[in-house]
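To keep things clear, I will list the structure first and then write my remarks on it.
Both ligands and their constituent atoms are indexed starting at 1 by order of listing. Heavy atoms only: backbone and side chains are in, while hydrogens, waters and symmetry mates are out. Source: prediction; values computed, not measured.
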Amino acid sequence: MVHSALANSSAPIGYRGRFAPSPTGPLHFGSLVAAVGSYLDARANGGEWLVRIEDVDTPRSVPGAAALILRTLDDLGFEWNGEVLVQSRRLDLYHAALVDLQLAGEAYPCACSRSEIAAATSKKSVDGGLLYPGTCRTGLADGKAARAWRLRVPDREFVLEDRVQGKTRQNLEREVGDFVLLRADGQYAYQLAVVVDDAAQDVNAIVRGVDLLDSTVRQMWLQQRLGLPTPSYAHLPVVVNAQGEKLSKQTKAAAVDPSQGSSILASAMQFLGHPVPTDIRHGPVADFWRWAISAWSIERIPSVKGIYPGPCVPP
Ligand code: GLU
């Protein structure tokens with residue numbers, strides 16, 4: 001394990017959650033559900049709630065989207081603690097973490113192109129891509145140059161106790177493979193940035209969409225290798241459109257219209273298994289939040305692992 005300087009040593013804190021949107025477009029109903037779930041869980045536990053803009057994948061980031069997301073959250077009455085952290089300004093920290101892992105021999109250079117990996121294996125990883133066959137694990141072949149850096153993973157089962165989904169088991173070597181920390185295009189991977197930032201911000205409770213459940217064991221392994229604490233996890237059902245696709249910029253999800261106020265917040269709350277009284281749905285946003293914080297109960301959230309069409313269709 002690496003004993004990095006990334007871990008905070010400040011006094012113990014209470015619940016600290018966060019919402020970490022990628023600015024690939026405006027806030028849509030799917031990301032609103034993650035914002036509402038993480039916010040209510042934090043506030044109902046007397047905790048803090050941070051917002052972080054995850055623009056580490058710069059090619060996918062859309063100029064102006066971060067400001068738009070923040071304005072929508074603000075208009076809907078979300079109140080975040082502290083400054084909004086922006087990943088693209090924190091590349092030094094991701095570099096430091098990668099160097100720690102390189103020096104410890106945990107991270108290794110990889111020369112494989114996508115087509116070379118495809119020629120070497122047909123095994124699929126949990127996220128649908130190809131399971132890296134470990135070609136460069138013992139060193140680069142003669143004449144090959146490093147394109148990316150990967151993290152070694154162990155051949156053993158991890159158990160994740162998720163607050164909504166229950167127990168999830170995953171063997172990283174068999175189901176994921178050594179995964180990328182620094183991509184061939186020079187971008188730090190989400191897995192590395194998210195782990196570094198959650199620790200740097202003392203986030204100890206993560207509430208987000210179930211589409212990230214499969215990434216969590218990778219993040220737990222990185223936390224262990226970097227000597228960082230593991231937060232608690234709660235993975236929420238994910239909203240899909242009429243075609244069964246997860247709402248996203250790629251599936252052309254509509255932007256949340258903040259002028260809908262309590263009614264759009266109520267739809268998100270309802271999606272998370274909390275029926276909303278009519279007067280609250282039609283009342284002021286401040287009343288919605290007061291009611292929602294006291295009504296919140298994580299046990300009510302449907303614990304579906306797959307994508308959940310939900311009892312409510314986004315307006
Ligand atoms: N940035 C990710 C997204 O927008 C969320 C990451 C996380 O919550 O860990 O899908």
Nearest-contact summary for atom 3 (C) of ligand 1 - protein heavy atom, Å: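 Atom 3 (C) of ligand 1 sits closest to the protein heavy atom Ser22 OG, 3.5 Å.
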
Nearest non-hydrogen protein atom, atom 5 (C) of ligand 1: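 Ranking protein heavy atoms by distance from atom 5 (C) of ligand 1, first comes Ala20 O, 3.4 Å.
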
Option nearest atom 9 (O) of ligand 1 (shortest heavy-atom distance, choices Gln87, Arg52, Arg208):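 Considering heavy atoms of Gln87, Arg52, Arg208, the nearest to atom 9 (O) of ligand 1 sits in Arg208.
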
Could you tell me, atom by atom, which parts of ligand 1 come under 4.0 Å of a heavy atom of [X]?
{"X": "Val194", "value": "9 (O)"}
{"X": "Arg18", "value": "7 (C), 8 (O), 9 (O)"}
{"X": "Glu54", "value": "1 (N), 2 (C), 5 (C), 6 (C)"}
{"X": "Tyr190", "value": "6 (C), 7 (C), 9 (O)"}

Salt bridge flag under 4.0 Å for residues Lys144 and Glu116: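 Salt bridge flag = yes for Glu116 with Lys144.
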
Side-chain donor-acceptor pair present, Thr168, Asp162, cut-off under 3.5 Å: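 On atom types as modelled, these side chains do not qualify, holding no pair under 3.5 Å.
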
Cation-aromatic face contact Arg156/Phe158, 6.0 Å, 45 degrees: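 Output yes; distance and angle both within limits.
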
Arg150 side chain reached by Val180 side chain, heavy atoms, under 4.5 Å: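 Side-chain contact under 4.5 Å: yes.
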
Single-linkage hydrophobic cluster, 4.5 Å side-chain cutoff, Trp221 and Leu212 together: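 Yes; tracing contacts between hydrophobic side chains, which count when under 4.5 Å, links both residues.
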
Backbone of Ser297 reached by a side-chain donor or acceptor of His274 within 3.5 Å: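 It does hold such a pair.
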
Steps toward side-chain hydrogen bond (donor to acceptor under 3.5 Å, both in side chains) verdict (Ser22, Thr24): CA-CA 6 Å; Ser22 302; Thr24 52; 5.9 Å; no

Structural part of Leu212 in contact with ligand 1, heavy atom criterion under 4.0 angstrom: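 Near ligand 1, Leu212 shows its side chain, while the N, CA, C and O stay back.
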
Per-residue contact class, Lys246 against ligand 1 - non-hydrogen pairs under 4.0 Å: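 No part of Lys246 comes within reach of ligand 1.
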
